[in-house]
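All chains are named by letter (A, B, ...) in the order of the sequence lines, taking the proteins before the strands, and each is independently numbered beginning at 1.
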Amino acid sequence: MKPIALTTPLFYVNGLPHIGSAYPTIAADALARFYRLMGHPTLFVTGTDEHGQKIQRTAEQNNLPPQEHCDRIVTEFHHLWNLLDIQFDRFIRTSDPRHTAITREFFQRVYAKGDIYLDRQQGWYCVACEEFKEERDLLADQHCPTHPNLACEWRDEANYFFRLSRYQEAIAAFHDQHPNFIQPEPRRNEVLKFIDQGLRDFSISRINLTWGIPLPIDPQHTLYVWFDALLGYLTALLDPQAEPTLTNALGHWYPFHVHIIGKDILRFHAVYWVAMLLSADLPLPSRVFGHGLLTRDGIKMGKTLGNVIDPFDLVTRYGADAVRYYFLKEIEFGKDGDFSEDRFVAILNADLANTFGNLLNRTLGMAGKYCQQRVPIPHATALDPTLQPLQTLGSSLGDRTQQHYQNLNFRAACDTILDLIRDCNKMVDETTPWKRFKAGQQEEVDAILYTLLESVRLAAYLLSPIIPNLSREIYRQLGLDFQQSTWQHHQWGTLAPNTVLLSPSPIFQRLDPPSP
RNA sequence: GGCAGCAUAGCUCAGCCGGUUAGAGCGACGGUCUCAUAAUCCGUAGGUCCCCAGUUCAAGUCUGGGUGCUGCUACCA
């Protein structure tokens, strides 16, 4: 099976992890879990980007060495990922010494290509943004528009530049030949138009900044963001004990199957990153997916507004599966979305407690009473015209769901699976097994319950990348061990008759509406 | 300013190549069953499918214009 390597962004450690970090990480984890489900060797890469003046100054403000500041923040990332059941395979930190080796080697390749040169950069520099600003964009007294309370500093300094302009045509040609590289599709046009404008070289170093990776050719300079952070993806591919060389890094998992990122940094992945790899003569990733941004109750989140979503708080109160399900099911990945606690509670109760959880519960209850707590035999009966559609739906569910996962359309995946569950609930009411049991129609009851149990099992299996804990618990109640499942489980008929079932126990308790 | 996209039931959205009474989920209201987590199931929601004009036997679905909203417009991890 084809190896799959995928990434989240490497998150900047200028503060505690927030929902903007958790969101793509949840999605990436779900995708990675799905590929593992299918049996692909899968490498899920995440990590942190730790260099730069902003970090250095933040650390100074806290009277900490930068490395220690980063260590502390990274601990919080690990904590959050643990709470959210994020099963990453690699957590790369750009302060990792191996990363220095990789960036140096990569830099040398690009330098040898003649794509790096020294030039002068002058202008107003916002330390908070860590970037030069155009004069016309500034507010009064050279204050930065994004940081109105901060005055920009005048800088006149030497920077090394990367010859992005040289790759104008190559990048355009690449995107022309790979129309699915940028996803979702609407974002593609933005990038293409940006390229058409004409690409300008960008600076890749800062001078007099100690918290960073020195340039091999000029230690006075340290690498600036893109030639540092993006290369973290490559460093992450190194096996733990391997010598940090590009050859070792790129041997097994490269190239990446997908980079999952926020739409705000799409351009850097679809243009800069592509050009950098072209310059280094390395293969390009298969695609870059730019997800949408989140609002809170319809309002943009911000520290100043004090309306940020605290992922620690959320996952502590509701649990990992609930949080994962809401963000993946209720918000279309790739579009902007909204978080509202009212909706959060409503969706979880409706989908996980009432529709899904309750179906398992009522079905197990009936199996206990009517089938000696065992999986019954799916007899052929007069009810076949009623049950057949569900089996047909279930038989194709794996394939249909797979398409949605691979397109990172988690919402559609959930909807497709829930459709089966909803149909099952209808079928129960239509066939009234309790009446048939009293009437002595045992074979019909068996057929009904087998269809229900198998539907629940199948739904749990296919939903497991999103709600891993609930799926495992459903499997357990069905008398199966999720750990031992294989991709064969996407097929209808996996549940073996006579399997001993457990007594029903709600897998997801209804949530109380949030108090105002 | 320029370019692009979007505008469908209270909410979130489906509606492919134009074609009978415009759909789903959620929420709300009413009812039902009783296997079940006061869950389920059924019914109701009378929606100018943003507005105007046009093409067509026929437009939510195509064309033009208008209004509104959003995104992109270079160094924002």
- Task: Apply ring pair (Phe, Tyr, Trp, His ring centres under 6.0 Å) to the pair A:Tyr233 and A:His269, showing each step before the final yes or no.
- Result: CA-CA 11 Å; A:Tyr233 296 143; A:His269 286 74; 5.7 Å; yes

With a non-hydrogen cut-off below 4.0 angstrom, is [X] in contact with a base, only sugar-phosphate, or nothing?
X	answer
A:Ala350	sugar-phosphate
A:Ile204	nothing
A:Glu185	nothing
A:Ile265	sugar-phosphate
A:Lys329	nothing
A:Tyr370	sugar-phosphate

Counting side-chain heavy atoms from C-beta on, which of [options] comes nearest to [X]?
X	options	result
A:Leu199	B:rC75, B:rA74, B:rA14	B:rA74
A:Arg343	B:rC35, B:rU37, B:rG25	B:rG25
A:Asn425	B:rC72, B:rA36, B:rC41	B:rC41
A:Asp429	B:rC26, B:rC35, B:rU37	B:rC35
A:Lys426	B:rG71, B:rA36, B:rC41	B:rC41
A:Lys193	B:rC72, B:rC35, B:rA14	B:rC72
A:Asn354	B:rA39, B:rC75, B:rC26	B:rA39
A:Ala346	B:rA74, B:rG27, B:rA4	B:rG27

- Query: Under the 3.5 Å rule, do the base of B:rC33 and the side chain of A:Glu430 count as making a donor-acceptor pair?
  - Reply: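 No such pair is found, so the answer is no.
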
- Query: Taking atom types as they are modelled, is there a donor-acceptor pair under 3.5 Å from the base of B:rA36 to the side chain of A:Asn358?
  - Reply: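 Yes.
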
Interatomic distance at [atom1], [N] relative to [M], whole Å:
N	M	atom1	result
B:rC49	B:rA9	C1'	10 Å
B:rA14	B:rA7	C1'	15 Å
B:rA4	B:rC41	C1'	46 Å
B:rG60	B:rC13	C1'	15 Å
B:rG71	B:rC29	P	36 Å
B:rC16	B:rC50	P	14 Å
B:rA22	B:rG15	C1'	9 Å

Please give the nucleotide sitting opposite [N] as a Watson-Crick or G-U wobble pair, both distances under 3.5 Å, or none.
N	answer
B:rG46	none
B:rC16	none
B:rU21	none
B:rU32	none
B:rA39	none
B:rC72	B:rG2
B:rU67	B:rA7

- When you look at A:Tyr160 and A:Tyr117, which way does the ring pair (Phe, Tyr, Trp, His ring centres under 6.0 Å) test go after all the steps? CA-CA 5 Å; A:Tyr160 284 90; A:Tyr117 64 93; 8.8 Å; no

- Query: Under the ring pair (Phe, Tyr, Trp, His ring centres under 6.0 Å) criterion, do A:Phe289 and A:Phe333 qualify, and how do the steps go?
  - Reply: CA-CA 9 Å; A:Phe289 194 104; A:Phe333 203 61; 5.1 Å; yes

- Query: Of A:Thr363 and A:Arg411, whose nearest nucleotide on RNA chain B comes first from the 5' end?
  - Reply: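 So the residue in question is A:Arg411.
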
- Message: Pick the closest RNA chain B nucleotide for A:Gly357 and for A:Glu50 by heavy atoms, then say which residue is nearer the 5' end.
- Response: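 Its nearest nucleotide lies further toward 5', so the answer is A:Gly357.
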
- Task: Report yes if at least one side-chain N or O of A:Lys369 is closer than 4.0 Å to OP1 or OP2 of B:rA36; otherwise report no.
- Result: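 Yes, because at least one side-chain N or O of A:Lys369 sits under 4.0 Å from OP1 or OP2 of B:rA36.
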
- Message: Closer than 4.0 angstrom, basic N to acidic O: yes or no for A:Asp71 and A:Arg93?
- Response: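 Salt bridge present between A:Asp71 and A:Arg93.
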
- Item | ring centroid sep under 5.5 Å plus plane angle under 30, A:Trp434 with B:rC35 |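 Stacked: centres under 5.5 Å apart, planes under 30°.
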
- List the steps, then state whether salt bridge (charged side-chain N to carboxylate O under 4.0 Å, His left out) holds for A:Glu60 with A:Arg57. CA-CA 5 Å; A:Glu60 280 167 9; A:Arg57 292 201 178 180; 5.6 Å; no

- When A:Glu330 is tested against each of A:Arg343, A:Lys335, A:Arg324 for salt bridge (Lys or Arg N to Asp or Glu O under 4.0 Å), which residue passes?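 Result for salt bridge (Lys or Arg N to Asp or Glu O under 4.0 Å) with A:Glu330: A:Arg343.
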
- Message: Run A:Phe356 and A:Val456 through side chain to side chain contact (heavy atoms under 4.5 Å, CB included) and show every step you take.
- Response: CA-CA 8 Å; A:Phe356 193 29; A:Val456 172; 4.2 Å; yes

